[in-house]
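I have a structure I would like to understand better, so I am pasting it below and will then ask my questions one at a time.
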Amino acid sequence: MGFFLETLMGGLMTGMLYSLVALGFVLIFKASGVFNFAQGAMVLFAALAMARFAEWLPKWLGFQNPILANVLAFIAAGLVMFAVAWLIEKLVLRHLVNQEGATLLMATLGITYFLDGVGQSIFGNDIYKIDVGMPKDPTIVLESTFQGGVLLSKEDMIAAVIAAALVGLLTLFFQKTSTGRALRAVADDHQAAQSIGIPLNRIWVIVWCVAGVVALVAGIIWGSKLGVQFSLATVALRALPVVILGGLTSVPGAIIGGLIIGVGEKLSEVYIGPMVGGGIEIWFAYMLALLVLLVRPQGLFGEKIIDRV
Amino acid sequence: MIYRENGQFKTSYRADQQIFPILQDRWVIAAFILASFILVPMLASDYMFRAILIPFVIMSLAALGVNILVGYCGQISLGSGAFMAVGAYGAYNIIMRIDGMPLVPAILLGGLCATVFGMIFGLPSLRVKGLYLAVATLAAQFFADWMFLRIKWFTLNTPSGSVAISNLQVFGFPIESAHAKYVFCLAFLVVMALLAKNLVRSAIGREWMAIRDMDVAAAVIGIRPMYAKLTAFAVSSFIVGVSGALWAFVYLGAWEPAAFSVDMSFRLLFMVIIGGMGSIVGSFYGAAFITVLPIFLSQALPAVGAAFGVTISTAGITHAEFMIFGALIVWFLIVEPHGLAKLWSIGKQKLRLWPFPH
């Protein structure tokens, strides 16, 4: 029972981290109708920027304080992500207004490759550390004794809290502000939104900036857990089933989808995995998402799509 | 002047419905096919065959298959690498398990395995579409990756997980030299390309295109979405499967599941985008582009770097390749969504009217 609980909690924590990446997807889709395949590349890019700036800035500016270095690096990486968002809007999206979703998806595939290339050639392609200091050491676990002792990772818990806070903020932003309403209008129909005077370009920049910041937060958390390297981009592939399970347009869906996938993945790996040779987590998540799609094509919490000729 | 169709009168429906309606086209295509079978093998060096021509021919075949699904039927697939893998391992199992199995039927049966696999993973396309489907096809990719890595039955219980095949022969002719390998793959390509070209001109091809352009409207005018989508998945994954078998048997010789990873799927999609979605000839351009570009970059970039006094590492070349691929994808999507094939056909159109612009 203790072991089961441990697996369950581990799954929930990982799920929370998946949700964080998935949130980036949902945000951009909800606000601009673009399925942003580049979210993974953005996570990698942001994490690389953060890790490298934290290393470079003290050298350039000549100070030693690690906390100051991290804060400055966070701001610098944030600014870089804003620049990336602005450039993407300027160079790519602006020219693809009113195009089909599939075209936009493929354009973000191009952005993915471009960002991967640029990020690694600017920031290098070794394994870097992000040491934000809050959970001290990634491997520290907290042993609380109930039902025979359940191991919990402190770091994961902090990550979960941060993710929950972000989600709360974003939900408020979408529901309560006029910008949020404008974002939803754009997602519904580019043309109609433009015709009532919503500045499409500015909305896109805002959304991609927010997604960039979410990517940065996700990148920092994943990066301090696993180290920053190219494989971080594949975290996005783990988060994709989360998005389609929860529904592309639903922020709570991303969270709940993340938890379901996280738990399902861990439990299946532990209990079914040994029977079939192990390593099933990644396709299990996809199969789970596929099964849900067969029953509810719009995901668990997505809006129903109605087609008209 | 030379490329002109006036004076060529069509007096029967048959003549009107030819694949290449212009006489000059027919001659050029025939000459091109002959040259690629006879002239190219005489001129090309061993390096040319191994580094460029053989991968190009096999990738063209794969891109052709992906183009049928993505370009003609509009079902974005990020799982093409999985279909290649199923073709490769299917053919491998058939040739190793059945005594005296000839090579060509084994490869075709490998393609059939991919067809079955493709249709199973095409089933969600009946319910979900567009973006959701693109993600759903990734399920096929990761499932295949896992299946061939972890289920030992498929790799005949080899401890290392990588499989190898040797002594390929057709009708007693060994396919060992680069020359023979090239001709063998080219024969597959030419036959399949002709079949595909005819298929997309037929009723079923038009059904695919109707589904691509607007599926609800297509269903309203009496096209069965299920039939159209599943046939597109079947035909596409058959061709992709055959190309996978060729890639494994002829080009790689020994391979492991990583040869058909998700990266391969992306590359195939890029070939289709750059070459031209919904165009048979575009598949060739895209495959040529994606095959030659890395080789070109690995030659050109160090030279350019040396001119400016910078040394460019191999990692730098890989990153440059990434950036150029990415930038090109975006550029093509914005400027010319129909890819290189469209540029080609614009050129032809201009030639037909030359010297008058209208």
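All values derive from a computational prediction rather than experimental measurement. Note on naming: letters A, B, ... go to the chains in the order of the sequence lines (proteins, then strands), and numbering restarts at 1 for each one.
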Heavy-atom side-chain proximity of B:V330 to A:I111 below 4.5 angstrom:
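The answer is yes; the side chains approach within 4.5 Å.
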Between atom OG1 of A:T103 and atom CE of B:M277, what is the distance when rounded to the nearest 0.5 Å?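 Reported value, rounded in 0.5 Å steps: 6.0 Å.
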Of B:A320, B:A327, B:A139, the largest count of non-hydrogen pairs under 4.5 angstrom with chain A goes to B:A139
Inset, instruction - Using the six-membered ring wherever Trp is involved, compare the ring planes of B:F325 and A:Y113 and label them parallel, tilted or perpendicular (cut-offs 30° and 60°). - result: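 Ring orientation, 0 to 90° scale: tilted.
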Counting heavy-atom pairs under 4.5 angstrom with chain B, the leader among A:L294, A:L240, A:L105 is A:L294
Residue part contacting chain B, namely of A:L290, when any heavy atom lies under 4.5 Å:
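Side chain only.
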- Heavy-atom proximity to chain B below 4.5 Å, by part of A:A289: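 Contact with chain B: none, neither part.
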Looking only at heavy atoms, the pair that brings A:M106 and B:I329 closest together is O-CG2, 3.6 Å
**Asked** Below 4.5 Å, heavy atoms only, C-beta onward: do B:F266 and A:T112 meet side chain to side chain?
**Response** no
Between B:I334 and chain A, with a heavy-atom cut-off of 4.5 Å, which part of the residue counts as in contact: side chain, backbone, both or neither?
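The answer is both parts of B:I334.
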Value for CH2 (A:W283) from CZ (B:F142), rounded to nearest 0.5 Å, stands at 13.5 Å
Bottom line for B:I273: the part with an atom under 4.5 Å from chain A's heavy atoms is side chain
Bottom line for B:F332: the part with an atom under 4.5 Å from chain A's heavy atoms is neither
Separation between CG (B:L133) and CD1 (A:I244), nearest 0.5 Å, reads 9.5 Å
- Task: Using non-hydrogen atoms and a 4.5 Å limit, figure out which bit of B:A140 sits close to chain A: side chain, backbone, both or neither.
- Result: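 Neither part, no heavy atoms under 4.5 Å.
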Cut-off 4.5 Å, heavy atoms of chain B, and the answer for A:L91 is backbone
Can a donor-acceptor pair be found, under 3.5 Å and without considering hydrogens, that links the side chain of B:R127 to the backbone of A:L293? no
Do A:L115 and B:F322 touch side chain to side chain, with heavy atoms closer than 4.5 Å?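 They are not in contact (no side-chain heavy atoms under 4.5 Å apart), so the answer is no.
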Contact origin within A:F284 toward chain B - heavy atom pairs under 4.5 Å: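 A:F284 has no heavy atom closer than 4.5 Å to chain B.
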For A:V295, is it the side chain, the backbone, both, or neither that has a heavy atom closer than 4.5 Å to a heavy atom of chain B?
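When you check distances to chain B, only backbone atoms of A:V295 fall under 4.5 Å.
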If one checks every heavy atom of B:L149 against chain A at 4.5 Å, the contacting part turns out to be neither
Margin query: Measuring only between side-chain heavy atoms, which start at C-beta, is B:L78 closer than 4.5 Å to A:L109?
Written below: yes
Heavy atoms of other groups near A:I127 CD1, more than 12 under 6.0 Å | no
Heavy-atom pair of closest approach, residues A:F114 and B:M323:
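It is CD1-O, 3.2 Å.
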Is it the case that over 12 heavy atoms from other parts of the model lie below 6.0 angstrom from the OH atom of A:Y271?
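More than 12 heavy atoms, drawn from other residues, nucleotides or ligands, come within 6.0 Å of this atom.
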Looking at chain B, which one of A:A107, A:P297, A:S121, A:P241 has the largest number of heavy-atom pairs inside 4.5 Å, strictly under?
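Counting heavy-atom pairs under 4.5 Å, the top option is A:P297.
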